[in-house]
Amino acid sequence: MDNLYILLVVIILVLLGIFWRLGSILQQLENSQSTNNNYNNDHYYQRAELLKKEDEILEKIDDLSYHLKEIASKVEEIEHVASVFGKYKLPNKKEQKELDEFAINEEVFDGIRNAGQKT
């Protein structure tokens, strides 16, 4: 009988060791799960922040594209006005002098041509 008690004590000690080891493994799994949950929470928070920043950047890009279209429209207006000024601008002093000389030369040649036709 003493052997039976010794065997029961050994089996109880072995079972206690197994339960103690299983409890330790369970604790490690809970710690691992907690760490994993914390990591996932941080990951989702950071991802949400990045998505917010991305949305803000996309809104700014949209605003910039709108402003660029406005600027392009204004540049086209300025180009049109500049082309009208270029086409109909008043001559400067040098150009006016050349135009006057050209007009005088035309009058002289017209006078010479008309003088030859009267005779």
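Since the structure is predicted, the reported quantities are computational estimates derived from the model, not experimental observations.
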Same apolar cluster (I L V M F W Y, side chains within < 4.5 Å links), F19/I11: yes
Would you be so kind as to tabulate the donor-acceptor pairs closer than 3.5 Å made by side chains of residues 48-59, with sequence neighbours excluded?
none

Find out whether L22 and L26 are in side-chain contact, i.e. whether some heavy atom of one side chain is under 4.5 Å from a heavy atom of the other. no
Run the salt bridge (Lys or Arg N to Asp or Glu O under 4.0 Å) test against E95 and tell me which residues pass, sequence neighbours left out. K89
By side-chain contact (heavy atoms from CB on, under 4.5 Å), which residues pair with K60, not counting sequence neighbours? none
Within a strict 4.5 Å, meaning less than it, do heavy atoms of the N40 and Y44 side chains meet? yes
Any chance you could pull the hydrophobic cluster mates of V84, using side-chain heavy atoms under 4.5 angstrom and chaining through other members? Y88
Assess the residue pair D100 and Q96 against the criterion (side-chain hydrogen bond (donor to acceptor under 3.5 Å, both in side chains)); give the C-alpha distance rounded to whole Å, side-chain angles, the decisive distance to 0.1 Å, and a yes or no. CA-CA 6 Å; D100 290 342; Q96 186 62 47; 3.0 Å; yes
Verify same cluster id: L4, I12 (apolar side-chain graph, 4.5 Å): no
Rounded distance (nearest 0.5 Å) linking atom NZ of K69 with atom OG of S73: 11.5 Å
CG (D62) and NE2 (H67) are apart, to the nearest 0.5 Å, by 9.5 Å
Rounded at 0.5 Å granularity, tell me how far NZ in K74 sits from CD in E77. 6.0 Å
Checking E98 now: which residues fulfil side chain to side chain donor-acceptor pair (under 3.5 Å) with it, not counting sequence neighbours? none
Just by distance, do the side chain of T35 and the backbone of N31 share a donor-acceptor pair under 3.5 Å? yes
Please report the interatomic distance CG(N36) to CG(N41), rounded to the nearest 0.5 Å. 9.5 Å
To the nearest 0.5 Å, what is the distance between CG on L13 and CD1 on I6? 11.5 Å
Rounded distance [0.5 Å steps], CD1 in I71 versus OH in Y66: 11.5 Å
Q33: what forms a side-chain contact (heavy atoms from CB on, under 4.5 Å) with it, not counting sequence neighbours? N37
